[in-house]
Number of protein chains: 2
Amino acid sequence: MAKVEFNIACSLCEHLKDSLFNGLSPEDLSRINNHKTCIQYKKGQNIFYEGTRPTGLYCMNAGKVKVFKNNVQGKEFIIYIAKPGDFLGYRALLSEEFYQATATVLEDAKICFIPKENFFEVLQKNPAFMKRVVRAVCHEMGVMEEKLAELAHKSVRERLAANLLMLKETYGMEGEGSSLIDLALSREDLASIVGTATETVIRLLSDFKADGLIAFEGKKIRVLDAKKLAKQADLIVA
Amino acid sequence: MAKVEFNIACSLCEHLKDSLFNGLSPEDLSRINNHKTCIQYKKGQNIFYEGTRPTGLYCMNAGKVKVFKNNVQGKEFIIYIAKPGDFLGYRALLSEEFYQATATVLEDAKICFIPKENFFEVLQKNPAFMKRVVRAVCHEMGVMEEKLAELAHKSVRERLAANLLMLKETYGMEGEGSSLIDLALSREDLASIVGTATETVIRLLSDFKADGLIAFEGKKIRVLDAKKLAKQADLIVA
DNA sequence: AATCAAACCTGATAAAAGTCATCTTTTTGT
DNA sequence: ACAAAAAGATGACTTTTATCAGGTTTGATT
């Protein structure tokens, strides 16, 4: 499949305000802009592969990308789902290691690639930017610590409920109460987020639906009763 | 209990070579040194608490400290065990958030405290140091991604075996084949590392012992057959 | 419209692991 | 040295969840 390029100036990117590049000086931003390559990807295409060496940073302009690891038996665990404005592949780049995960497009995406030389140049010349990156990375670490504790001691039911709430917060549509999870996730992908079997997710989702906590709208899920869902997640001690 | 101070110049600290402070200029190192407070802690004392605001960085000189989260039912999950040379509490400091975990002394410890102003001063004046910190943080994130995938899809038996091997690598004594895990962990703490119940750890440990994979030496565990243990951990697909 | 594949769903079953109760051993504090 | 507390161990039982096997529905492609 041929790579389809597109082009948008970083300074005009609608997601700049949500991105870590926000606050960069015009010169620094144009340094990024002048060296980037922007590519359109179709659902199912891979951005990078586990075990390969990073050569730059990806910055999401449109679409959704899942970052996941495969275990020995081929079971997938989704570490993160990147949305517009997010950086992608920065962990391995900054730790100077190989990618430890694979990135695959979930919904048709537009992604800009910034060669590592240019990214590092801006990073090193700009302590305030570096500080923002460090803060974001360390915040992300905190999120992962939370996930670890959750995975260790919560039931699948609790984890599914908690993840639905998290997905609503993170990928909820603007307006209309933000109750629709704006992600066309398969049951299999949802299982890979929660860390369980596909069949278990299917059963629990129909439980939640029967209890009026959620509803299905096409491939998407709407959260009908966030409070009861939070109780299922054991976030509220009732 | 009164706090017992002690003092060692950073430049003479035997763990400097293993620490992120290694490579700092003499001026920067003395800036750290001149503002630090070094305290001796007894087993069971707390260094910091979940929900409080960090005011500086801790740097381990001796002993072992567990960093853990408590869930709603009071079950503990150990995120990390800090050893001499390690930084402690840097995540919340650098993300400018409250501590998300509590730190408690496992083995009598000597820990230096560096006020955040002085740490940030050195960090900002020294791009190479900043880069090393970022690299270390991102490496740690990779370790956590690995743990997440492991927790999601591996059995308790596999996780216990994998963690015993990890503990051997990380806390193994120098010399004598490094096969003795130099950590006096209770069964309960080990369960909090693996993410399971204490009884399950006890049963699995006696299985491993019966199979000649490990041996108990006082409160410590010796790995007798790392290869078979790796097979139990499903790290080797036989 | 027919066909194929993928996704989704359901039921039965088995394995894994948690919980609870009880007992023994070790450690700690006075 | 002794009592009390904590840690370790074991058995019985229950719950949760994975797995397998078989269905149906949906969606894409020709």
Side-chain angles (χ1 to χ4, degrees), chain A residues 1 42-44 66 71-77 104 106-108 150-163 183-210 214-221 232-234, chain B residues 1 42-45 66 71-77 104-108 150-163 183-210 214-221 232-234:
Chain A
M1 201 180 308
K42 288 272 169 202
K43 179 178 173 171
K66 66 173 172 180
N71 79 349
V72 189
Q73 293 90 38
K75 273 187 277 185
E76 210 174 280
F77 180 75
T104 300
L106 279 182
E107 293 175 10
D108 292 1
E150 186 177 302
L151 220 33
H153 289 306
K154 286 196 168 184
S155 69
V156 173
R157 183 182 215 93
E158 290 169 323
R159 269 146 49 201
L160 178 60
N163 274 289
L183 253 179
L185 278 180
S186 69
R187 303 294 191 251
E188 197 179 351
D189 281 331
L190 196 47
S192 299
I193 292 173
V194 174
T196 187
T198 309
E199 294 94 326
T200 304
V201 162
I202 290 171
R203 282 182 245 266
L204 289 172
L205 282 181
S206 44
D207 279 9
F208 288 167
K209 189 187 167 189
I214 59 171
F216 303 140
E217 295 188 8
K219 296 257 98 185
K220 294 179 180 176
I221 295 173
Q232 288 287 320
D234 203 22
Chain B
M1 202 179 312
K42 287 272 169 204
K43 179 176 174 171
Q45 285 188 296
K66 66 173 172 181
N71 79 348
V72 189
Q73 293 89 37
K75 272 185 278 184
E76 209 174 280
F77 181 75
T104 301
V105 175
L106 280 183
E107 293 175 10
D108 292 1
E150 186 177 302
L151 221 33
H153 290 305
K154 285 195 169 187
S155 69
V156 174
R157 182 181 215 94
E158 289 170 322
R159 268 146 50 202
L160 178 60
N163 275 289
L183 253 179
L185 280 179
S186 69
R187 303 293 190 253
E188 198 179 351
D189 280 332
L190 197 46
S192 298
I193 292 173
V194 174
T196 187
T198 308
E199 295 93 325
T200 305
V201 162
I202 290 171
R203 283 182 243 267
L204 288 172
L205 282 181
S206 45
D207 278 10
F208 288 168
K209 190 187 166 191
I214 59 171
F216 304 140
E217 293 188 10
K219 296 256 100 182
K220 294 180 181 174
I221 294 174
Q232 289 286 319
D234 203 23

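Protein chains get the first letters and strands the later ones, always in sequence-line order, with residue 1 at the start of each.
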Side-chain donor/acceptor of Arg187(A) to backbone N/O of Val201(A), under 3.5 Å: no

Nucleotide nearest Val156(A) when distance is taken to its side chain, options dA18(D), dT10(D), dG8(D): dA18(D)

Where Thr200(A) and Val156(A) come nearest, the two heavy atoms and their spacing: CG2-CG1, 3.8 Å

Sugar-phosphate only, base, or nothing, as touched by Lys75(A) at under 4.0 Å among non-hydrogen atoms: sugar-phosphate

Phosphate contact (dG18(C) OP1 or OP2) by Thr200(B) side-chain N/O below 4.0 Å: yes

Rounded distance (Å) that lies between atom P of dA7(D) and atom CG of Leu205(B): 16 Å

Close side-chain approach of Arg157(B) to Phe208(B), heavy-atom, < 4.5 Å: yes

Toward the 5' end of DNA chain C, by each residue's nearest nucleotide, Ala152(A) or Lys43(B): Ala152(A)

Whole-Å distance separating the CD atom of Glu76(B) from the P atom of dA7(D): 11 Å

Donor-acceptor contact present, side-chain His153(B) to main-chain Glu76(A), <3.5 Å: yes

Along DNA chain D (nearest heavy atom to each residue), the more 5'-positioned of Leu204(A) and Glu188(B): Glu188(B)

Phosphate contact (dA7(C) OP1 or OP2) by Lys219(A) side-chain N/O below 4.0 Å: no

Basic-acidic side-chain contact under 4.0 Å: Lys66(B), Asp189(B): yes

Min side-chain heavy-atom separation Val194(A)-Leu204(A) under 4.5 Å: no

For atom CD of Gln73(B) and atom P of dC20(C), their distance in whole Å: 11 Å

Sugar-phosphate only, base, or nothing, as touched by Thr198(B) at under 4.0 Å among non-hydrogen atoms: nothing

Whole-Å distance separating the CZ atom of Arg187(B) from the P atom of dT27(C): 12 Å

Closest listed nucleotide, where the reference is the side chain of Ala197(B) and the choices are dC8(C), dT19(C), dA9(D): dT19(C)

Contact under 4.0 Å: Arg203(B) side-chain N or O vs dA17(C) OP1/OP2: no

His153(B) NE2 - dA15(C) P separation (whole Å): 21 Å

Side chain to side chain, Thr196(A) and Leu160(A), heavy atoms closer than 4.5 Å: no

Selection from dG8(D), dG18(C), dT17(D) that lies nearest to any side-chain heavy atom of Ser186(B): dG8(D)

Rounded distance (Å) that lies between atom P of dT16(D) and atom CG of Leu151(A): 18 Å

Donor-acceptor pair present, Glu199(A) side chain and dC20(D) base, under 3.5 Å: yes

Thr196(B) vs dA17(C): side-chain N/O to OP1/OP2 distance below 4.0 Å: no

d(CG, Asp207(A); P, dT10(C)) in whole Å: 10 Å

Global bending angle along the helix from dA1(C)-dT30(D) to dT30(C)-dA1(D), which compares the axes of five pairs at either end, to 10 degrees: 60°

Protein-nucleotide distance (Phe216(B), atom CZ; dT25(C), atom P), rounded to Å: 16 Å

First encountered from the 5' end of DNA chain D, between Ser155(A) and Ile202(B): Ile202(B)

Pair Asp108(A) + Lys43(A), salt bridge at N-O below 4.0 Å: no

